[in-house]
There are 2 protein chains.
Amino acid sequence: MARSPAPRGTRTATLSDVARLAGVSVATASKALNGRNHVHAQTRERVFEAAAQLSFSPNSLARGLLAGKTGTVGLLTSDLVGRFSLPILMGAEDAFGAGQVSVFLCDARGDAIRERHHVRALLSRRVDGLIVVGSSTDPRPPLADSVDVPVVYAYAPSENPEDLSIVPDNVGAGRMAVEHLIACGRTRIAHISGDRQYSAARDRVDGVRAALDEAGIPLVGQVAYGTWEEGWGRAAAGMLLDREPDVDAVLCGSDQVARGVLDTLRERGRRVPDDVAVMGFDNWQVMTSGARPQLTSVDMNLEELGRAAARALFESIDAEHGKGIRTVQCRVVPRGSTAPDA
Amino acid sequence: MARSPAPRGTRTATLSDVARLAGVSVATASKALNGRNHVHAQTRERVFEAAAQLSFSPNSLARGLLAGKTGTVGLLTSDLVGRFSLPILMGAEDAFGAGQVSVFLCDARGDAIRERHHVRALLSRRVDGLIVVGSSTDPRPPLADSVDVPVVYAYAPSENPEDLSIVPDNVGAGRMAVEHLIACGRTRIAHISGDRQYSAARDRVDGVRAALDEAGIPLVGQVAYGTWEEGWGRAAAGMLLDREPDVDAVLCGSDQVARGVLDTLRERGRRVPDDVAVMGFDNWQVMTSGARPQLTSVDMNLEELGRAAARALFESIDAEHGKGIRTVQCRVVPRGSTAPDA
DNA sequence: GGCCGTACCGAAAAGGTTTTCGGATGCTTT
DNA sequence: AAAGCATCCGAAAACCTTTTCGGTACGGCC
């Protein structure tokens, strides 16, 4: 029944315990452990030994209480199940990472009440800052409570232009997708988008149009709006082939839509990429690598976005708080669905 | 340039501020706000007004320092990108939920060094407990450090039987999958599994065998081990149809494998579910709902698992710590790929 | 021998909250 | 009028660490 070496019930060692064991005062022990000078090398040694022996771990609460900083940040997300907040979270954790910062994770699940509740709790825990991750790229209302720590909005910008927001560059994403297709020699390009309600979809269309205009190439057919799902891709591809049989590239609103489009193309006997090139958005690995051929996609660099948010928060903590909307570049990840060999 | 109502630089209000404004002592203010008795109703009223006016929020650090409990738990995961830790995390957050507990999230990324680092940090922050989420259902080594707070292992059990672990019932999952197929009238059942390295795959096979034995039905062909991916499903299905053309049900190791199997079946002209029923594991919504027909799958109830882990941790915090491995039941989610209409 | 500088160490305060216990007030009872 | 009692409030300790500042010891110098 042996528990871990430090059985529960044994009060965890404090600095005074260490000091007593080392035969010095707490002040000296503190200085020794924190590398302050004015402490004899030999004394320091004794303190370190005592600390190791008691497996001393300084109480961050006491330290934070004194310093006024806790080395914690709150990460408030709205959809943890979604695959967008996760990479952002990873990136943020990464940037804080090896440092001394720990992350409080809270999921409000799209509920304003719950969100307030969480913000209160985080504030009461004296977090040094807050990252708010939206559930779509559509602007979201700013935090309801008055918050006296820096806040950075990620993925979804705040509706308040005084706030600092970091979002993916969807216009640029649409643009670079088209540029990639053109670079692959395609000239009859159609666009099967996602849900029109989402600004992400509309922004990408803007980028698509701009890139086509610059190249002097018309869009084949209309932009088709629907959902973000496979079923929509299958249906839309059917209609597209009926009306525009000579299409040679389809840009899809999401990787899922692209999967549906690939299915329909195969059933109609069109070869990919030989006859028709196909491209998706999001670069969701499980979608792109399971596809036949593997799917070229635009990666939104969400992890980089998370890192950027964390860095911005860091800056805001000790410097003045920035504001406005900053974008993070996307990137094309070419695979077999647009290149003959890959 | 108006910032939030409580501009930075304005030291946040403390209890003494509230007390001063209300014209009472800090002790009385504390008692009033915390609903202790022995304080006049009118006085309490004044204190509450003062607190509201200063938008007072009690400093959890000071409270935790005094109480020896912080109302925080650490959640240590190994693969945040994976889709398994997320629902668990959600469930845990849910169970702690509206209560007073906040969650520190740490991702060790499979790195033992990083894990120790995070454990140290969490201990230093005086978390009341720890949930360790593994990256696969394979047993994992226990925490390296000696930890004096309760620990619950979720998804992957600890190798140390003295620890408390909560894992999905994979054997039961295999069993109930076969029972579902039999209930659908299938008798020529084949099993295309996943990666043999994973105990999850082997455990499910055990369940499959047990259920078939009980029903007196032989397994069609050998259990086919491969990977968890679509490509494996496509390839394995091809081989299966060549060798066992009269198969009428295929149980797949994952939803992705099932997607691949569905593809091959369609290309070979087999109708699903009329000719062949298909079933997956994980109930990954994006995979099941995009499939044609929609995919029947076994849900591992990961959110429930997370909740169970959180509850177990709660119990361990004030009562004695349990030990051993507890399982959480899975459930079959029937859809069109096994039922003619759905 | 007295003085100064250096090197090291320790006492104490600060940070914000909760809890305990003693004190004060006003009211009732004899 | 004195004693007793219920009710409410406040002073102070406790939690643990860091930092400041004053103190001690000692070697070197005039």
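Lettering follows sequence order; numbering is per chain, from 1.
- Phosphate proximity of D:dG10 to B:Thr28: present, with a side-chain N or O under 4.0 Å from OP1 or OP2.
- For the pair B:Leu61 CG and C:dG15 C1', the computed distance is 10 Å after rounding to whole Å.
- In this structure, the CZ atom of A:Arg126 is 14 Å from the P atom of C:dG15, given to the nearest Å.
- Nucleotide D:dC16 holds its C1' atom 13 Å from the CG atom of A:Asn34, rounded to whole Å.
- Going from atom CG of B:Leu65 over to atom P of D:dT18 covers 12 Å, rounded to whole Å.
- Minimum atom distance to the side chain of B:Thr43 is reached by D:dC8, of the listed D:dC8, C:dT18, C:dG15.
- If you check every strand for non-hydrogen atoms under 4.0 Å, B:Ser60 touches nothing.
- A:Leu66 places its CG atom 19 Å from the P atom of D:dA14, with the value rounded to the nearest Å.
- Dashed line: the shortest gap from a side-chain N or O of B:Arg36 to OP1 or OP2 of C:dT19 is under 4.0 Å.
- In this structure, the CG atom of B:Leu33 is 10 Å from the P atom of C:dT17, given to the nearest Å.
- Protein atom CG of A:Leu15 is 14 Å distant from nucleotide atom C1' of C:dC9, rounded to whole Å.
- Under the 4.0 Å criterion applied to side-chain N and carboxylate O atoms, A:Arg311 and A:Glu304 are assigned as salt-bridge partners.
- Considering A:Pro87, A:Pro168, A:Ser165 in turn, A:Pro168 is the only one that fulfils the side-chain contact (heavy atoms from CB on, under 4.5 Å) rule with A:Tyr155.
- For the OP1/OP2 pair of C:dG15 and a distance below 4.0 Å, the side-chain nitrogens and oxygens of B:Asn59 include no atom meeting the criterion.
- In this structure a side-chain-to-backbone donor-acceptor pair under 3.5 Å is missing from B:Ser124 to A:Asn59.
- Of the side-chain N and O atoms in A:His40, one or more sit less than 4.0 angstrom from OP1 or OP2 of C:dC8.
- Side-chain proximity of B:Ala62 to D:dT17, C:dT18, C:dG16: nearest is C:dG16.
- Between B:Phe314 and B:Phe96, the ring planes are perpendicular. Angles over 60° get that label, and only those under 30° would be called parallel.
- Where A:Lys31 and B:Lys31 each meet DNA chain C at their nearest nucleotide, the meeting point lying more 5' is that of A:Lys31.
- As judged by a 4.0 angstrom heavy-atom cut-off over every strand, B:Thr14 is placed among residues touching the sugar-phosphate backbone only.
- At whole-Å resolution of the value, CG in B:Leu54 and P in C:dT17 are 11 Å apart.
- Out of C:dT17, C:dC8, D:dT18, the shortest distance to the side chain of A:His38 is found at C:dC8.
- In terms of heavy-atom proximity, A:Arg140 sits nearest to A:Ala156 at CG-CB, 4.0 Å.
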